[in-house]
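Numbers here are sequence positions counted from 1. Atoms within a ligand are numbered from 1 in the order they appear, just like the ligands themselves.
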Amino acid sequence: MTQTFRTIRNSLKDLQMDSSKPFVFHASFSSLGEVQGGPETLLGALLTVSDAVLSPAFTYKTLLVPETGPENNGLVYGGDDDANQMAEFFRLDMPVDPAIGILAETLRKHPKSDDRSSHPILSFTGMNVGPALESQSLQEPLAPIEWLYRQNGYVLLIGADHTANTSIHYAEKLAGRKQFTRWALTSSGVVECPGFPGCSKGFNQAEPVLRDLTREVAIGKARVRSLPIRPMVEKVIEVLREDPFALLCEDRECEQCNAVRNAVTASLNSTALEL
Ligand SMILES: [Zn+2]
């Protein structure tokens, strides 16, 4: 069935989100099947849920891998010359990375968009969320998510799963999980970007513990889920405090998840020594 503005809007109503609250979305537009009018129609329907909308506008093409750097940083230094050759200078008008999705780029280009925050890798875009975008700095890349948390907003997953859920990274940070350093190419040289989140491939393991907080509807073949961010983040923090190895991925070669395991093991050992 072809989705229209009206069918999408009606489905979104069933999520019963508070229209006075902002939300962040993570969307796989193609998962909806055919949508009359394209991504603009989906964005228009989303704006009937709330007029304050936030989205990642990440630009991974700016990433550079240096020859050396801090230890246990979830990265193989040097040897990535091909990617370095392909790296692009960050520009505010750079398209959102295709991995983030066409809906984010549609929001960024919307005439009423707040434009974009200036982090050279982890920028955000949105509408009526100026303070969220302004809150971000090089040191605090997840500040827009913190703003959403303080506003008691929502996370909306549209045909996307928790591996796209940036707010789980915010919970990891609050729980004290290891953060990383990355580097970006900018017009003023190579910029070090601290506070960088790790791997999200294991985040679907949070689905069962978040079920009670989740409202879900189907739009076409897509699962569309909304979660209130504050209890969601608090639940994930609880999970990570109980098991500091939780939500890591199962790929034994994953540099980032292994770096988290190393950091947790080192801190457990030092606690044991103190006792
Ligand atoms: Zn991993």
Side-chain angles (χ1 to χ4, degrees), residues 24 26-28 31 56 58-66 68-80 82-84 86-87 96-101 104 119-124 140-142 145 155 157 159-184 192-211 214 223 225 227 229 232-233 235-269:
V24 66
H26 306 282
S28 162
S31 69
F58 301 167
T59 49
Y60 299 122
K61 282 184 180 156
T62 59
L63 275 164
L64 277 182
V65 179
T68 58
E71 272 180 51
N72 199 35
N73 190 29
L75 191 63
V76 180
Y77 293 108
D80 206 358
D82 285 353
N84 284 349
M86 300 286 282
V96 177
D97 195 282
I100 304 300
H119 193 287
I121 309 168
L122 302 177
S123 65
F124 282 78
E140 297 293 343
L142 297 177
I145 299 293
V155 173
L157 303 174
D161 62 21
H162 284 295
T163 64
N165 187 347
T166 311
S167 303
I168 296 184
H169 285 307
Y170 176 60
E172 288 183 306
K173 175 186 146 69
L174 292 184
R177 177 161 276 181
K178 180 175 177 58
Q179 310 283 290
F180 297 94
T181 303
R182 291 295 178 265
W183 293 266
E192 187 174 286
C193 303
F196 211 86
C199 167
S200 63
K201 292 196 189 97
F203 284 2
N204 283 328
Q205 297 167 75
E207 192 173 335
V209 294
L210 298 176
R211 193 160 287 144
T214 306
R223 295 177 72 184
R225 290 176 272 179
L227 299 96
I229 186 170
M232 185 199 88
V233 163
K235 188 72 202 173
V236 173
I237 292 174
E238 198 184 303
V239 166
L240 293 173
R241 294 234 162 105
E242 220 161 273
D243 174 11
F245 297 103
L247 309 185
L248 297 176
C249 83
E250 281 164 15
D251 174 4
R252 287 287 148 191
E253 308 285 305
C254 177
E255 302 282 347
Q256 293 161 52
C257 291
N258 285 338
V260 170
R261 289 186 187 98
N262 293 341
V264 170
T265 306
S267 90
L268 291 176
N269 286 345

Protein N/O/S atoms under 2.8 Å from the Zn ion (ligand 1): how many?
4

W183 and Y77 aromatic ring geometry - parallel, tilted or perpendicular at 30°/60° bounds
perpendicular

Is E255 close to L75 at the side-chain level, that is, under 4.5 Å between some pair of heavy atoms?
no

With sequence neighbours left out, write down each residue that passes salt bridge (Lys or Arg N to Asp or Glu O under 4.0 Å) with R223, or none if nothing qualifies.
E207, E216

Within the structure provided, determine whether M232 and N165 are in side-chain contact (heavy-atom separation under 4.5 Å).
yes

Tell me every residue that passes salt bridge (Lys or Arg N to Asp or Glu O under 4.0 Å) with R182, counting only those two or more places apart in sequence or in another chain.
none

Partners of F58 by ring pair (Phe, Tyr, Trp, His ring centres under 6.0 Å), sequence neighbours excluded?
F124

